[in-house]
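Structure record follows, encoded as structure tokens.
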There are 2 protein chains.
Amino acid sequence: MLQDAARFLRTHDDILLIAHVSPDGDTLGSCFALYGALLELGKHAQVVCEDPVPAIYRFLPFSDQLIPPEQASPAEAVVCVDCADLARTGRCELLFRAAKATLNIDHHSTNDHYAEANYVQKAGATGELIFNVINCLKITLNKNIASCLYVAITTDTGNFSYSNTTPDTMRIAADILDTGIDLPYLNRCLFRTVPFPKLKLHALGVTKAKLYDYGRIAISYITLEDIASCGATSEDTEGIIDAIRDIDSVEVAALLRESDDGLVRVSLRGKTSADVSKIATRLGGGGHKLAAGCTMSPPVAEAAEQILGFAIELLHGVSE
Amino acid sequence: MLQDAARFLRTHDDILLIAHVSPDGDTLGSCFALYGALLELGKHAQVVCEDPVPAIYRFLPFSDQLIPPEQASPAEAVVCVDCADLARTGRCELLFRAAKATLNIDHHSTNDHYAEANYVQKAGATGELIFNVINCLKITLNKNIASCLYVAITTDTGNFSYSNTTPDTMRIAADILDTGIDLPYLNRCLFRTVPFPKLKLHALGVTKAKLYDYGRIAISYITLEDIASCGATSEDTEGIIDAIRDIDSVEVAALLRESDDGLVRVSLRGKTSADVSKIATRLGGGGHKLAAGCTMSPPVAEAAEQILGFAIELLHGVSE
């Protein structure tokens with residue numbers, strides 16, 4: 001599989017790389033690293049994505065090279081990077097279908113091997129697979145390529161803290177660090193840069209949090225007025241639920257927020273044993289044991305009351 | 001030096017390990033890892049510290065073994081772990097002075113080689129040196145020892161993000177992960193567990209922050225009443241300054257807090273080029289370019305005004 005990918009990239013000289021829609025650090029870092037490696041080999045390469053590079057990733061080397069599918073020149077060889085299925089390529093799927101040769105490099109276990117050549121393998125990040133490919137092609141890592149790989153890996157492994165972090169992840173990171181990348185700078189860009197409105201909104205979310213059931217349940221809610229008062233956007237609510245979940249006594253955390261469509265979006269988090277997807281399922285939502293969500297009707301205060309009731313039942317084992 | 005340490009530990013059978021005062025993750029993780037390793041060798045060992053294990057580190061394997069110097073039995077061999085000088089051992093210095101043989105294992109560049117045998121080497125954490133010693137003694141890492149080493153290394157390298165993180169750090173972490181330690185659990189204990197009063201105080205510190213000079217300066221202050229209103233303690237202010245420094249536009253951040261002694265403690269942070277130690281020095285304090293501090297007279301609001309004036313002068317290059 002690794003050899004297939006290396007052979008594919010050696011064979012073709014005009015290669016189009018596709019990042020998935022709503023691009024994250026792994027798909028972008030992986031694409032730009034591979035782009036830089038292909039340039040080292042003297043090949044022509046393009047990086048394409050339906051969506052632009054999010055502000056937080058604009059420090060990435062080669063990030064100014066990303067183009068929308070409409071601007072891409074047709075290429076005979078196309079590589080999907082970190083896309084679990086073709087739908088993840090969005091409007092770039094047309095470029096994939098038009099290509100003579102296709103390759104799929106991805107670490108998602110649900111990947112359905114949709115290309116002619118597939119390098120699909122479990123890993124903390126697709127960036128690890130790109131590292132292996134670059135290594136296999138005997139391309140020397142430069143700092144730009146290494147920085148992109150570092151960003152791919154650290155963002156998808158929660159800065160080397162999630163359960164997908166393996167000894168291999170660490171050994172690859174060591175080889176990446178051998179190039180002398182600026183670790184404090186990259187970490188500041190990724191994890192230590194927050195707009196003031198978002199920071200204020202997070203503080204408000206924490207300030208409004210209330211604990212129940214001896215502190216085992218934490219619930220907070222954010223109204224449209226809260227968001228406006230901080231000069232923030234609804235996307236800035238991301239992460240508030242994690243801060244509330246991190247309270248030492250908490251087993252079940254919930255964040256409710258008013259949505260522009262008039263509904264109430266509910267994020268639920270468990271910490272150890274409580275299965276919060278049971279709450280979400282009762283309300284027509286879904287998710288995993290420790291992270292789930294659902295949509296409810298306003299008013300938000302009443303929705304929060306109902307969530308509290310379900311959370312108490314969950315923790316106290318009341319039959320449903 | 002490594003060989004000296006290994007020979008020392010092989011030679012002696014009754015060994016007392018000293019952690020430094022106000023113990024952190026590196027000194028504790030390193031001591032408990034070495035303690036576990038010495039048990040594997042069938043030796044008698046004690047871990048001694050002037051201060052108890054802070055609540056956040058009580059999940060560490062062997063942490064219930066820590067004893068104050070008064071409870072320690074005299075031992076012929078003493079090892080100081082992560083202590084840059086003898087003063088860092090606090091009241092444990094008496095045990096060091098009473099020992100027949102002494103060893104000093106530490107990664108601080110200022111270490112003055114105060115013991116008979118010294119294994120002092122630059123590293124991200126003393127935990128890396130302990131790993132090397134255990135390796136050299138051919139002791140197989142078990143999960144308990146490995147978990148202690150992981151905590152030592154990750155806490156002293158800012159979870160592999162500070163400039164002291166080297167390729168060696170990552171390779172050692174890979175070997176540690178080979179043992180199958182519970183990475184998500186350890187990370188949750190270390191970085192994702194916060195008491196509600198502290199979280200509320202941090203939110204208050206952010207809420208009270210004000211930006212000046214096109215957002216390049218951020219200043220906040222915490223009164224004794226603020227701390228009381230959150231049910232928090234003055235130690236819970238730790239970290240607020242970092243959250244404020246992380247605001248994207250900020251170059252200079254200051255947090256002022258009322259102290260129990262009636263004075264105002266000032267923490268200063270720079271981000272890239274501004275040297276905040278210049279502000280601290282003008283007010284009789286000190287520190288480094290990007291992290292400094294000083295003490296001022298109340299009232300806190302007036303002190304904040306003065307800090308703002310100095311910060312504007314610093315950023316606009318007014319001669320001092």
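Naming convention: chains lettered A, B, ... in sequence-line order (proteins, then strands); numbering from 1 in each chain. Note that the coordinates shown come from a computational prediction; the quantities given were computed from them, not determined experimentally.
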Would you mind checking which part of T166(B) comes under 4.5 Å of any heavy atom in chain A, side chain (CB onward), backbone (N, CA, C, O), both or neither? backbone
Search all heavy atoms of A218(A) against all heavy atoms of L211(A) and return the closest pair with its distance. CB-CD2, 3.5 Å
What I want to find out is whether R171(B) reaches D175(A) closely enough, with some N-O distance under 4.0 Å, to be called a salt bridge. yes
Find the distance between CG (L204(B)) and CD1 (I240(B)) and round it off to the nearest 0.5 Å. 8.0 Å
How long is the span from the CD1 atom in I219(A) to the NZ atom in K210(A), to the nearest 0.5 Å? 10.5 Å
Report the distance from atom CG of L183(B) to atom OG1 of T169(A), rounding to the nearest 0.5 Å. 9.5 Å
For residues 244-253 of chain A, the salt bridge (Lys or Arg N to Asp or Glu O under 4.0 Å) pairs (sequence neighbours left out) are D242(A)-R245(A), D246(A)-R192(B)
Where does S161(B) contact chain A at under 4.5 Å (heavy atoms): side chain, backbone, both or neither? both
Check whether K198(B) gets within reach of chain A through its side chain, its backbone, both or neither, counting any heavy atom under 4.5 Å. neither
Proximity breakdown for A209(A) and chain B, heavy-atom pairs closer than 4.5 Å: both
Pair Y214(A), L315(A) - check side chain to side chain contact (heavy atoms under 4.5 Å, CB included), show working. CA-CA 12 Å; Y214(A) 302 109; L315(A) 287 178; over 6 Å; no
Top of A174(A), S163(A), A203(A) for chain B proximity - count of heavy-atom pairs under 4.5 angstrom: A174(A)
Identify which of T207(B), V194(B), V250(B), D182(B) forms the greatest number of heavy-atom pairs closer than 4.5 Å to chain A. V194(B)
Please flag which part of T165(A) lies under 4.5 Å from any non-hydrogen atom of chain B: side chain, backbone, both or neither. both
Are there residues of residues 139-159 of chain B whose heavy atoms fall under 4.5 Å of chain A's heavy atoms? If so, which? Y150(B), N159(B)
Within a reach of under 6.0 Å around OH of Y57(B), are more than 12 heavy atoms found that belong to other residues, nucleotides or ligands? yes
What is the distance from atom CD of E128(B) to atom CE of M170(B), rounded to the nearest 0.5 Å? 10.5 Å
